[in-house]
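By convention in this document, chain letters (A, B, ...) are assigned in the order of the sequence lines, proteins followed by strands, and residues within each chain are numbered from 1. Given the structure is predicted, the values throughout are model-derived calculations rather than measurements.
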Number of protein chains: 2
Amino acid sequence: MSARTDGASTRDRILDAFEMLLVEGGSRIATLDAVAARAEVSKGGLLYHFPSKDAMVDAMLDRLREQGRADVDKMKDASQGPVRYYLETSVDTGSAFDRGLIAASRVAQDDTRARETLAELRNGWFAVLAEHYGDDALARTVQLIGDGLYFDDTTGLAHKRSLDHVRDVLARLDAL
Amino acid sequence: MSARTDGASTRDRILDAFEMLLVEGGSRIATLDAVAARAEVSKGGLLYHFPSKDAMVDAMLDRLREQGRADVDKMKDASQGPVRYYLETSVDTGSAFDRGLIAASRVAQDDTRARETLAELRNGWFAVLAEHYGDDALARTVQLIGDGLYFDDTTGLAHKRSLDHVRDVLARLDAL
DNA sequence: ATGACTGTACCGGCTGGACGGTTTACCTAG
DNA sequence: CTAGGTAAACCGTCCAGCCGGTACAGTCAT
């Protein structure tokens with residue numbers, strides 16, 4: 001709550017490092033030693049802030065949920081409208097939020113809390129989409145397209161024309 | 001290629017056990033010991049068939065690619081047409097192929113070969129979709145929806161009405 | 001104002017357990 | 001005899017978590 005080194009608190013630097021490693025190589029390489037090294041903290045220092053790896057995951061997920069709430073707000077009053085905003089941010093924009101999202105999905109493979117967090121975020125977006133359209137079928141379909149975009153992106157096989165294709169199809173439905 | 005115990009060969013039983021463990025708990029719990037136990041084979045017996053874990057992954061991926069080729073064929077001459085077939089099989093039907101697909105995506109997190117295999121399978125489906133529609137935008141969008149369905153399913157948060165919603169929207173586009 | 005003490009933030013060596021993989025000795029049906 | 005195993009000891013490596021220390025800022029009685 002007081003000591004700073006560069007700009008961010010050590011605590012946040014550790015969480016950032018954890019997310020980066022998760023994004024780059026999955027949970028296998030995101031060991032405590034690797035996280036500590038990346039955050040330029042000793043392992044002991046890391047353990048001072050987060051008593052266990054589990055606690056670190058919890059903290060990362062808490063931060064992500066908070067960022068998620070902010071994202072839903074931005075989506076609601078985005079100038080392009082919620083749909084375009086949602087679709088455009090479904091592909092990795094390099095933001096801290098995206099990084100956290102990808103990190104969480106890496107962990108989700110064997111962590112229930114991460115799955116729950118992801119589900120909670122998805123529910124938030126769906127609510128905005130459903131309210132905007134007043135049509136659950138359309139809202140769900142757009143959300144699925146967003147999930148597909150996101151999946152392709154994180155699995156490393158996104159086609160750069162995908163977003164254009166989707167916009168084209170949604171235009172035919174007057175759903176943009 | 002000859003010895004049977006129950007119905008399947010020991011080799012296939014091992015691969016099945018490996019996939020099951022991958023689906024249930026990700027690569028962390030799919031250890032050689034756990035696979036051997038699930039397949040009711042000794043660890044030595046497992047290593048007799050697959051000299052290393054890497055070799056086991058390769059074999060699993062090979063089997064999956066073969067099943068994938070068969071699936072593309074089934075998709076081409078499915079009575080419901082390729083789109084319905086593709087969509088319906090994007091949600092887990094409990095088939096061996098689905099299980100293999102989920103298993104591969106679990107491994108894909110830190111395995112290039114698995115990512116390549118998944119990409120190859122996706123290309124096969126896209127080709128059928130694109131040929132059917134003669135419209136890349138629509139084909140890509142349907143594929144993204146399929147990816148979304150699949151993603152939701154494997155992340156454990158599928159809504160059972162999703163498929164109906166998608167069918168509804170595609171009907172509005174005369175794309176079913 | 002100073003010396004004793006306290007809490008915060010952090011360091012880094014170490015341990016114990018799990019895991020992948022190897023090897024060896026043994027069994028058994030065809 | 002040999003293909004197809006079983007059973008279990010063993011090795012090297014990796015990793016989470018533990019622990020004994022350090023540095024230093026602040027507090028407080030004297």
Side-chain angles (χ1 to χ4, degrees), chain A residues 1-61 103 106-107 109-114, chain B residues 1-61 103 106-107 109-114:
Chain A
M1 212 62 88
S2 58
R4 308 262 147 173
T5 18
D6 323 312
S9 66
T10 301
R11 194 189 143 88
D12 273 321
R13 253 184 24 243
I14 292 170
L15 254 18
D16 288 344
F18 185 36
E19 287 182 353
M20 284 178 207
L21 287 164
L22 246 15
V23 170
E24 287 166 22
S27 52
R28 287 194 84 87
I29 75 153
T31 64
L32 293 189
D33 285 298
V35 173
R38 173 69 68 100
E40 290 176 307
V41 178
S42 71
K43 196 174 181 177
L46 187 158
L47 261 343
Y48 171 78
H49 287 282
F50 307 102
S52 71
K53 199 175 190 181
D54 239 50
M56 200 164 67
V57 172
D58 278 333
M60 179 189 87
L61 259 19
R106 300 282 204 223
V107 172
Q109 181 173 118
D110 42 76
D111 188 311
T112 308
R113 297 161 302 167
Chain B
M1 213 60 87
S2 59
R4 310 262 146 172
T5 17
D6 323 312
S9 67
T10 302
R11 192 189 146 90
D12 274 321
R13 255 187 20 247
I14 292 171
L15 254 17
D16 289 344
F18 184 35
E19 288 181 353
M20 284 177 206
L21 287 165
L22 246 15
V23 171
E24 286 165 23
S27 51
R28 287 197 84 87
I29 75 155
T31 64
L32 293 188
D33 285 300
V35 173
R38 174 67 69 98
E40 290 176 308
V41 177
S42 69
K43 193 176 177 180
L46 185 155
L47 262 340
Y48 172 79
H49 288 282
F50 307 102
S52 71
K53 199 176 193 182
D54 239 50
M56 199 164 67
V57 172
D58 277 332
M60 180 188 86
L61 259 17
R106 300 281 204 224
V107 172
Q109 181 174 113
D110 41 75
D111 188 309
T112 308
R113 296 162 301 168

Who are the side-chain hydrogen bond (donor to acceptor under 3.5 Å, both in side chains) partners of B:D33, not counting sequence neighbours? none
Can you list everything that forms a side-chain hydrogen bond (donor to acceptor under 3.5 Å, both in side chains) with A:D110? Sequence neighbours excluded, please. none
Please report, rounded to the nearest Å, how far the [atom2] atom of [N] is from the [atom1] atom of [X].
X     : N      : atom1 : atom2 : value
A:L46 : C:dA9  : CG    : P     : 14 Å
A:F50 : C:dC10 : CZ    : P     : 11 Å
A:R13 : C:dA9  : CZ    : C1'   : 12 Å

Measuring to OP1 and OP2 of C:dT8, would you say a side-chain N or O of A:H49 lies under 4.0 angstrom away? no
For D:dG5 and B:T10 - does any side-chain N or O of the residue sit under 4.0 Å from the phosphate oxygens OP1/OP2? yes
For B:S42, side-chain contact (heavy atoms from CB on, under 4.5 Å) partners two or more places apart: none
Under the side-chain contact (heavy atoms from CB on, under 4.5 Å) test, which residues partner B:L47, sequence neighbours left out? B:L32, B:K43
Sequence neighbours excluded and cut-off under 3.5 Å, please list the side-chain donor-acceptor pairs for residues 19-31 of chain A, or say none.
| unit_1 | atom_1 | unit_2 | atom_2 | d |
| --- | --- | --- | --- | --- |
| A:E19 | OE1 | A:R63 | NH2 | 3.4 |
| A:E19 | OE1 | A:R99 | NE | 3.0 |
| A:E19 | OE1 | A:R99 | NH2 | 3.0 |
| A:E19 | OE2 | A:R63 | NH2 | 3.3 |
| A:E24 | OE1 | A:R38 | NH2 | 3.0 |
| A:E24 | OE2 | A:R38 | NH1 | 3.3 |
| A:T31 | OG1 | A:A34 | N | 3.1 |

What nucleotide, of D:dA3, C:dA9, D:dA7, holds the atom closest to the side chain of B:Y48? D:dA3
Residues B:R113, B:D54: salt bridge by 4.0 Å N-O rule: yes
Base, backbone or nothing for each nucleotide of nucleotides 20-30 of chain C, written B, S, -, heavy atoms under 4.0 angstrom, 5' to 3'? BBB--------
